4 protein chains.
Amino acid sequence: MAGSVNKVILVGNLGRDPEIRRMGSGDAVVNLNIATSESWRDKQSGERKEKTEWHRVVIFNENLAKIAEQYLKKGSKVYVEGQLQTRKWQDQSGQEKYTTEIVLQRFRGELTLLDGRSGPGGDSEEYGQGGGNDFGRSDFGRSSPLEAPRGGGRQPAPATTSSYAADLDDDIPF
Amino acid sequence: MAGSVNKVILVGNLGRDPEIRRMGSGDAVVNLNIATSESWRDKQSGERKEKTEWHRVVIFNENLAKIAEQYLKKGSKVYVEGQLQTRKWQDQSGQEKYTTEIVLQRFRGELTLLDGRSGPGGDSEEYGQGGGNDFGRSDFGRSSPLEAPRGGGRQPAPATTSSYAADLDDDIPF
Amino acid sequence: MAGSVNKVILVGNLGRDPEIRRMGSGDAVVNLNIATSESWRDKQSGERKEKTEWHRVVIFNENLAKIAEQYLKKGSKVYVEGQLQTRKWQDQSGQEKYTTEIVLQRFRGELTLLDGRSGPGGDSEEYGQGGGNDFGRSDFGRSSPLEAPRGGGRQPAPATTSSYAADLDDDIPF
Amino acid sequence: MAGSVNKVILVGNLGRDPEIRRMGSGDAVVNLNIATSESWRDKQSGERKEKTEWHRVVIFNENLAKIAEQYLKKGSKVYVEGQLQTRKWQDQSGQEKYTTEIVLQRFRGELTLLDGRSGPGGDSEEYGQGGGNDFGRSDFGRSSPLEAPRGGGRQPAPATTSSYAADLDDDIPF
DNA sequence: TTTT
DNA sequence: TTTT
């Protein structure tokens, strides 16, 4: 539409382990079920109440899909940024259904693990020291591996996709 | 869930005039249909493509509902901030359906008109002079009218709810 | 300006305990020092690098100030939402200085504790069971305590300020 | 820090034309001065008040820099998404100063023109037809031009960097 | 310095 | 159904 923004920001916990599907192209697509909730005290009864909202997140972004696959699990607390998409489908009986999802497209979206210590079981020295389980705002996606990360002038070396992508193949990305 | 965030930010245009429903309590609930879209050039065909996403926005926030009712119309460009909620309902045939909406709860959410000149048709002197079609981050809601807007210390007079609430009763709030 | 948005979203850790100042009015104003950081692997050296950015957060919002005062401490991980404000001041030598802060005005902003277990030392049963250390998007501020939290129609009871405000006086708000 | 988020979202107007600097590498770096403001009615005096906040935005992202250079001008209304960075510098007298900016790093950030019709002066046919002055969430950056925009599976062709990057070289990107 |  |  020209001049539009479609952004969802969630901080919540995975209700179950990530679900990974493999596309024909070999790319992984990861689905997350994320719960957010609010609690309050009911004015009348004085009771504490809580309402949980479940969100369906779909990750097409390759880097983030890999990371989700490797490091997220049931209970993980994450920061997710994506866009809303509603798709139509038909159930077995031919009924039209609509599902709204938070989508992290290729080269788009962000996913950050917020648990104190969420890396791989063993927890490598890398991870322990290196710091940063912000596994990459995958905005960087698969940007040209030929592109040296010169950065933005006076900024210190910026976090480019290239380095993240490389990391994913040989060691822990955060 | 403790420590969760559920936030949607949209900038888009209304596909039709706002729909107003009156609750038993007399409160208005406003529904907006907002379009966001992205465009890109297809690599293969070289054609320009565009995909529009439609969002259903529900405003329970009283101040924002009034404002939406008065100043928004088909085509208006708005900034909306709310939270995702999915509700279950049954269609006429008893089929279970789910609808996901961006909800602006009472005292919650934001709604800002982004059109250059979007006030009421004639454009009142109030509006012309008053300035600001940022019709109030309705966070202020109907907070205590007994509360003087002393502000935050060194800040210049802050925009408090009180003043907004007052405005709503006697004149145009912006 | 009419139609403007000024929003900052941070997820980071406190570099030191909150600093509380008491205003003439008796209201508390809380300052937080929050660190965010990014890490990446340097293309040339192959080394892991990390850059930390420090943010100065000022909380005028009374509910959130109380909560920050009570439950945040050095190292706490928080989600903060506020607005950017730059103010001018003079140092001892009369030099003009500018400081940019993330401000949570009265009735505005959000503050959510993201640590797994961040409540008060003893940890009440309330807290343990009730869930929710999302201590209230303080949008609710001090909205009218005379206002029953009827909610937004079909929504389940919404989290209103009233209940939160009440909580703060007699028990743990989350 | 591991698990951090540093995000600024602004909707405001340019106080003056973009300032372009050319780096040694030939890359352009663009500075924007953006105003956001809030207005309210003073409780005591009954007067309308307004406070404007000025923001310094720095664009290192190459695509967005080009676009800012070409299409933004004094008065333009824009949506900007970047991150906070504070840098230290010395004025002529050797005094230490700090400046906080909203930075759009390479491959990062977003910039969307919100004016109804803000394209190039003459308004090319391309622009008129092409649609979309959402000039690309430059997340796409300069990602590999060898990467075909296959998209995210069932999604319709997604907006990939590739197409945007290509556009920038031969015609108007929106 | 913008915008309303 | 909007917008460009």
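Throughout, a chain's letter reflects where its sequence line sits, starting with A, and its residues are numbered from 1. Keep in mind the model is a prediction, meaning the values are calculated, not measured.
The aromatic ring of W54(B) stacks onto the base of dT1(F), its centre lying under 5.5 Å from the centre of the six-membered base ring with the two planes under 30° apart.
Residue R16(B) places its side chain closer to dT1(F) than to any other of dT3(F), dT1(F), dT3(E). Checking dT1(F), dT1(E), dT3(E) against the side-chain heavy atoms of N33(B) singles out dT1(F) as nearest. Among the nucleotides dT2(E), dT1(F), dT4(F), the one closest to the side chain of E50(B) is dT4(F).
Residue R22(D) comes nearest to A28(D) through the heavy atom pair NH1-CB, 3.4 Å, listed as atom of the first residue, atom of the second, then distance.
In this structure, CG of L114(D) is placed 13 Å from P of dT4(E), rounded to the nearest angstrom. To the nearest angstrom, P of dT4(E) lies 23 Å from NZ of K49(D). Between D115(D) atom CG and dT3(E) atom C1' there is a gap of 10 Å when expressed in whole angstrom units. Between L14(B) atom CG and dT4(F) atom P the separation is 14 Å, expressed in whole Å. Protein atom NZ of K73(B) is 14 Å distant from nucleotide atom C1' of dT3(F), rounded to whole Å. Atom OH in Y79(D) sits about 20 Å away from atom P in dT4(F), given to the nearest Å. One can place NE2 of H55(B) at 11 Å from C1' of dT2(F), the figure rounded to the nearest angstrom. The CD atom of E19(B) sits 10 Å away from the C1' atom of dT1(F) (whole-angstrom rounding).
Residue-to-nucleotide contacts include a donor-acceptor pair under 3.5 Å from the side chain of T52(D) to the base of dT2(E).
Between K77(D) and dT3(E) there is no side-chain N or O to OP1 or OP2 distance below 4.0 Å.
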Starting from the C-alpha separation in whole Å, work towards a yes-or-no answer on side chain to side chain donor-acceptor pair (under 3.5 Å) for R56(D) and N33(D). CA-CA 5 Å; R56(D) 185 178 165 81; N33(D) 250 276; over 6 Å; no
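Using a 3.5 Å distance cut-off with no hydrogens or angles, the side chains of W54(B) and T86(A) do not pair a donor with an acceptor.
Among residues two or more places apart in sequence or in another chain, the side-chain hydrogen bond (donor to acceptor under 3.5 Å, both in side chains) test is passed with S93(B) by D91(B). Shown here are the salt bridge (Lys or Arg N to Asp or Glu O under 4.0 Å) partners of E53(B), two or more places apart in sequence or in another chain: K51(B).
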